[in-house]
Amino acid sequence: MKLQLPEDDLVACVACGLCLPACPTYRVTGLEIASPRGRIAAMQAVQLGGAPIDAEFTAAMDACLVCRGCEVACPSSVPFGHLMEAARATLQPRRPAQRRFAEWLGYRLVLPHHGLLLALTWLLAVAQRLRLVPNRFGLPRLSFRSLRTPLDADAHPDVFLFTGCVMDAWQREVHRAALTVMRATGARPGLPGVHGGCCGALHLHAGLDDQARALAKQVIASLPPEGPVVVDSAGCGAAMKDYGRLLDTDGARAFSARVRDFSEWLAEQAPLPLRPSGTTVVVQDPCHLRHVQHAEHAVRTVLRGGYQLVEIDDDGLCCGAGGAYSVTEPSLSAAVRARKVDAIRAAAGDGPFVVASANPGCAMHLAAAGLTVQHPAELVEEALP
Amino acid sequence: MNRVIEVDVEARVAWVEPGVLNLDLSRMVTHLGLHYAPDPSSQQACTIGGNVATNAGGPHCLAAGVTSSHILALDIVLADGSVARLGGLEPDVPGLDLRGCFVGSEGTMGIATRIAVRLQPNPPCVRTLLLDFMSIDAAAATVSAIIAAGIVPSALEMMDARITRAVEDYVRAGYPRDAEAVLLAELDGLPAGVEAAVAVVDRVGREHGARTVRVAADAAERALLWKGRKSAFGAIARIAPDYYLHDAVVPRTRLVEVLHQVYEIAAAHELIVVNVFHAGDGNLHPILVFDARDPGIWDRVHAAGDAIVRACVAAGGVLSGEHGIGLEKRDLMPLVFNVDDLDAQARLRDAFDPDGRANPQKVLPRGSRCGETMRVPEGAWV
Ligand SMILES: Cc1cc2nc3c(=O)[nH]c(=O)nc-3n(C[C@H](O)[C@H](O)[C@H](O)COP(=O)(O)OP(=O)(O)OC[C@H]3O[C@@H](n4cnc5c(N)ncnc54)[C@H](O)[C@@H]3O)c2cc1C
Ligand code: SF4
Ligand code: SF4
């Protein structure tokens, strides 16, 4: 078994170390092997130096959050995210059966089948009422009414809201807020047709390329061929903007070019008049918004009119959520989060505050640490006159 | 060991542990109106302990002085496990300056565990200028002329055409892609003095052929220009995947001729060389860039590197400006030091570490001690 990483990308790392401070796992461990440079060196050792793919190598790859903070920091623009995804794709068939079964359940059975996901969510909502779901999971309070009430689309839509899988099941209220705000600008938002479910981002991070490609095709097919596609989950948006590369077709590239993060799209419209509130909002930049989509400024643009915005002084270091990372690497994930929470509290100072997060994974992860987190769409909706 | 232990704002002194990152220290005290002056280009990634050990420099060391000028006291652990404090916070510490010996000793005298650093007040006014030239010579001549005009900028950095383009691809700070060389100059101090100095640099630059002189409009533009300069080493892979960096100092007045030699040596070995360096103090960083997968390349790289270092020394320069000697330049030490110099250095080192346990075999070449026999202590990692 060999790694098959693009060699030119692999040797492009000049080992300067300028990315190290941008790496959350290096920051909390101080270990070279938990740094981007160390991970690239490990990949080079396996692919170019004939080192074995052993448990140590696998662990080093798994401990990466794929937050891609290193990519932005790298002056040579080493495409770290794609290297890591490709390395994981090679490791995938060698995973222990137990893990593969768990992944099959999650990635193949539940996420792509929206009906099943919704049914499970009902069960989860009941379990929540019976206090069977610990708060530390950070699950938002699931509302039966929300689950019962479908989102409504406008006739003759001129823009589309992508609804996704988990987000539609667990945070449908964010979608509702996004639709309200979109209408407030005068737009007529539509929704994806059937099969418009999971975007495949988690599959890609886990190295399940084939499933990711199949889901990408479904998503593209579920939407009409024209009009912006607005995404209110930064992780999904980042993946969908990358469909062009993933599928390598003109159609996919054209689709990717239509994808906008919610705030990015809103910032391109005529500004909405907001009611200024005194609320302090700490802006948390999800990695997939800041490091991948480079659209973090839009969040500030759309919130500025209504809130006192506060910046976190950590150059957008990851919060530790990383898709399924909080489940697969709980202790590292918690250590990275602890650092983030400290930085957020330090930025907010005394007094009440809300954290704005454009990604459901980050929002849940931070909420589980006791913070109040809202999506920019919800904050804008609340400030509408 | 990555905590800032205490900051005395009045005395402008901070006690830090050696693992504190250079840039983090400045960021932590910026709300007090202070900063830590030495700013190696690696400052976001390198530690105060590493800076002490290599006596690191940086763009802003031209006026502020290198690390040694900013270290007041050190708590160290010697190879035999004993601890000592070198230097002190009082202005004139009695006795030999052992602190000065330790700074720059590259870990060969023990391990620093607590470091007292001097903090500088942030200047009230800062201006950053970007000058671009259609020849390397014009840029290099401008460097000497600025200093000869009586201005010591807080920083004066030069980049050649290739590296400027690579950097611009990354930062998009508006570095001119068609220039043969650019100079980045920074002036700080009281507003009136700074404006006067800006005018001098502008005039001297234009007299020496600067095509444009751009003054950064605000802090954001300034930060972006600096980000470009400080990313230069990291951006090399945009030219070729591997690099071999040299670090030598030449007298400022001989910059033009040494730069010519550097380009000629690289061409003779069929290698690409790029230059990005602390021009103000003549600290050259010729970088040979290549692809290590090319067969036989390392021989050429080593031969060219050796010739470059020799050319710098022949021009009256020294082996290292700031990156240190380590293993790489150890065997070149006799180029600048005679037998007696080396023996004295070896005996000084022995006074700290008689068994040679701390970073063994680094810095001083074999045979530095008169009548030396080499031994590697058991368990030492070389
Ligand atoms: C992209 C890039 C740009 C650079 N730019 C500059 C520059 O502008 N100016 C400059 O001077 N250098 C520069 N350097 C070189 C390097 O960053 C500096 O020399 C820096 O001071 C090294 O710090 P470090 O924390 O990385 O130390 P390390 O590399 O970890 O260690 C360096 C040496 O210090 C010793 N050491 C570390 N900690 C201690 C301690 N607590 N006690 C005793 N010995 C110790 C180590 O044993 C080793 O010998 C650059 C390097 C890179 C990669
Ligand atoms: S992707 Fe994130 S966690 Fe992984 S190496 Fe890069 S910075 Fe570190
Ligand atoms: S910044 Fe880029 S080139 Fe430098 S060590 Fe990190 S990945 Fe490698």
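Quick note on labels: first sequence line is chain A, next is B, and so on, each numbered from 1. All figures in this text were calculated on a predicted structure; none of them were measured in a lab.
Below 4.5 Å, heavy atoms of chain B meet heavy atoms from A:V72, A:A73, A:C74, A:P75, A:S76, A:S77, all part of residues 66-84 of chain A. The contact list for residues 279-308 of chain A toward chain B, using heavy atoms and a distance under 4.5 Å, is empty. For residues 12-40 of chain A, the interface with chain B (any heavy-atom pair closer than 4.5 Å) comprises A:A12, A:C13, A:V14, A:C16, A:G17, A:L18, A:P21, A:R27, sorted by residue number.
Between the side chain of B:E168 and the backbone N or O of B:R165 there is no donor-acceptor pair closer than 3.5 Å. With hydrogens and angles disregarded, no donor-acceptor distance shorter than 3.5 Å links the side chain of B:T30 to the backbone of B:S26.
Of all non-hydrogen atoms in A:D314 and A:A343, the two that sit nearest each other are OD2-CB, 4.2 Å. Across B:A181 and B:M158, no two heavy atoms sit closer than the pair CB-CE, 4.3 Å.
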Pair A:R245-A:D242, salt bridge (charged side-chain N to carboxylate O under 4.0 Å, His left out): steps then yes or no: CA-CA 5 Å; A:R245 186 193 63 93; A:D242 201 29; 3.1 Å; yes
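Looking at B:F233, the atoms closer than 4.5 Å to chain A (heavy atoms on both sides) all sit in the backbone: N, CA, C or O. With a threshold of 4.5 angstrom between heavy atoms, B:D24 approaches chain A through side-chain atoms but not through N, CA, C or O.
Side-chain polar atoms of B:Y175 and B:D132 form no donor-acceptor pair below 3.5 angstrom. For the residue pair B:N22/B:D39, the side-chain donor-acceptor check at 3.5 Å is not satisfied. Side-chain polar atoms of B:Y263 and B:N275 form a donor-acceptor pair below 3.5 angstrom.
Crowding of B:L224 atom CG: a count of heavy atoms from other residues, nucleotides or ligands under 6.0 Å exceeding 12.
Proximity of B:L119 to B:V7: side-chain heavy atoms (C-beta onward) are separated by under 4.5 Å at one or more points. Taking 4.5 Å as the limit, every side-chain heavy atom of B:P38 sits out of range of all side-chain heavy atoms of B:N51. Counting heavy atoms from C-beta outward, B:K362 and B:I325 have side chains that stay 4.5 Å or more apart. A heavy-atom distance below 4.5 Å is not found between the side chains of A:L332 and A:L65.
Residues meeting the side chain to side chain donor-acceptor pair (under 3.5 Å) test with B:H35, sequence neighbours left out: B:N122.
Ranked by heavy-atom pairs under 4.5 Å with chain A, the first of B:S41, B:A166, B:A235 is B:A235.
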